[in-house]
Amino acid sequence: MYETIETAKDDAVLVVTLNRPDALNALNAQLMAELSDALKQAEGDNAVGAIVITGSEKAFAAGADIKEMASGEFATMYLEDKVSSGFDQINRCRKPIIAAVAGYALGGGCELAMACDFILAADTAKFGQPEITIGAIPGAGGTQRLARSVGKAKAMELCLTGRMMAADEAERCGLVSRVVPAADLNSEAIETAKKIAGFSRPVTLMVKEAVNRAFETSLQEGLLFERRSFHAVFALEDQAEGMAAFVEKRKPAFKNK
Ligand code: CO8
């Protein structure tokens, strides 16, 4: 049913594979609409506990589709905003999303990876914000999320020079959570997502909300939000089950409530 992405379920994990090989998975309006739709479906599907977004061996995504954008003018970019409205859906998604990145993650591709909850990278991954080289600036978080995750100096250098950063450097500066051999990337990402999907769903969503608060608010407000969420887990059967299972030295059977 989709033309620019492929979706597959693996237990409680939805795997979304960007699939525009001739354009190194460049993010055009159709791809972003299809990705948004798949995420919206996943959000409403109780059988899905976590999501993996991945690309090909050569490219996660080499940016927004330059050929589609080239003749753009302000009014249509501003009014239609087709590529960035896809990012809004990712931002709205409450379920954990892992970006599994091999090859190029450039421009909008790097921004898409950063919009996910964390990035697992293959040792072949290359990250960058090369917009400046084509007379543009990042438009979906490249100046904001990158600065928050790698700090001002490196974000400024990457955005001002457009240079690419390899996986090991990306791991050193905190852009990616882990680097794995390219051949293991998808299995690692899916296993990690399955692990997350196996925990209590409401608790998982609360963790995601709480960590995201760290980037949205003051430390005191964030700590208060975290503490209230911690108190709130004691309203869940899954908290009672999880702690009882620990005491009884058995595996917990979470019911997602
Ligand atoms: N858009 C469209 N087509 C692309 C893109 C792209 N971003 N990247 C690659 N392609 C196409 C190429 O045109 C080529 O097509 P064709 O065979 O028809 O000529 C095909 O993919 C293969 O690419 P290359 O031949 O260039 O492959 P190489 O291995 O030689 O080079 C690179 C790979 C280095 C990745 C190179 O393709 C490249 O530099 N790509 C562009 C990278 C870039 O500048 N990305 C940033 C784009 S701007 C952006 O992302 C703004 C985001 C804003 C989001 C929010 C919007 C509001």
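Both ligands and their constituent atoms are indexed starting at 1 by order of listing. Numbering of residues begins at 1 and proceeds along the displayed sequence.
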Close approach of Glu68 to ligand 1, heavy atoms, under 4.0 angstrom: no
Short N or O distance, Ala62 and ligand 1, threshold 3.5 Å exclusive: yes
Side-chain donor-acceptor contact under 3.5 Å, Ser229 with Glu226: no
Asn19 (side chain) donor-acceptor with Glu6 (main chain) under 3.5 angstrom: no
Taking atom 16 (P) of ligand 1 as the reference point, the nearest protein heavy atom with its distance: Lys67 NZ, 3.8 Å
Under 3.5 Å: donor-acceptor pair, side chain of Glu57, backbone of Ala102: no
With Glu209, the salt bridge (charged side-chain N to carboxylate O under 4.0 Å, His left out) member among Arg228, Lys95, Arg94: Arg94
Crowding at CZ, Arg227 (>12 non-hydrogen neighbours, <6.0 Å): no
Per-atom contacts, ligand 1 versus Glu111 - under 4.0 Å to a heavy atom: 52 (C), 53 (C), 54 (C)
Plane angle bin for Tyr78 and Phe74 - parallel if under 30°, tilted between 30 and 60°, otherwise perpendicular: parallel
Protein heavy atom at shortest distance from atom 26 (O) of ligand 1: Leu24 CD1, 5.0 Å
Heteroatom distance test (Gly108, ligand 1): nitrogen or oxygen, under 3.5 angstrom: yes
Polar contact flag for Ser84 and ligand 1 (N/O pairs, less than 3.5 Å): no
Ile66-ligand 1 polar pair, N/O distance under 3.5 Å: yes
Protein non-hydrogen atom found under 4.0 Å from atom 39 (O) of ligand 1: no
Protein heavy atom under 4.0 Å of atom 36 (C) of ligand 1: no
Which segment of Ala64 sits under 4.0 Å of ligand 1 when only heavy atoms are counted: both
Within-cutoff protein neighbour (heavy atom, under 4.0 Å) for atom 1 (N) of ligand 1: yes
Residues, nucleotides or ligands: over 12 heavy atoms within 6.0 Å of Met243 CE: yes
Ligand-residue contact atoms, ligand 1 with Asp65, heavy atoms, under 4.0 Å: 1 (N), 2 (C)
Phe60 side chain reached by Ile53 side chain, heavy atoms, under 4.5 Å: yes
Heavy atom of protein inside 4.0 Å of atom 44 (O) of ligand 1, strictly below: yes
Numbering as shown, the atoms of ligand 1 that approach Asp22 to under 4.0 Å (heavy-atom distance): 15 (O), 20 (C), 21 (O)
Mode of Met77 contact toward ligand 1 - side chain, backbone, both, neither (heavy atoms, under 4.0 Å): neither
Any protein heavy atom < 4.0 Å from atom 29 (O) of ligand 1: yes
Interfacing atoms of ligand 1 (cut-off 4.0 Å, heavy-atom, Glu131): 48 (S), 49 (C), 50 (O), 51 (C), 52 (C)
Contact with ligand 1 for Ala136, non-hydrogen, under 4.0 angstrom: no
Atom pair CG/CD of Leu146 and Gln129 - distance to nearest 0.5 Å: 6.0 Å
Shortest protein heavy-atom distance from atom 4 (C) of ligand 1, along with the residue and atom involved: Ala23 O, 3.8 Å
Leu27, portion touching ligand 1 at heavy-atom distance under 4.0 Å: neither
Pair Val179-Asp168, side chain to side chain contact (heavy atoms under 4.5 Å, CB included): steps then yes or no: CA-CA 7 Å; Val179 179; Asp168 56 344; 5.8 Å; no
Donor on one side chain, acceptor on other, Glu34 and Thr4, under 3.5 Å: yes
Heavy atoms from other residues, nucleotides or ligands near NZ of Lys82 exceed 12 (cutoff 6.0 Å): no
Minimum-distance pair of heavy atoms, taken over all atoms of Ala38 and Thr7: CB-CG2, 4.0 Å
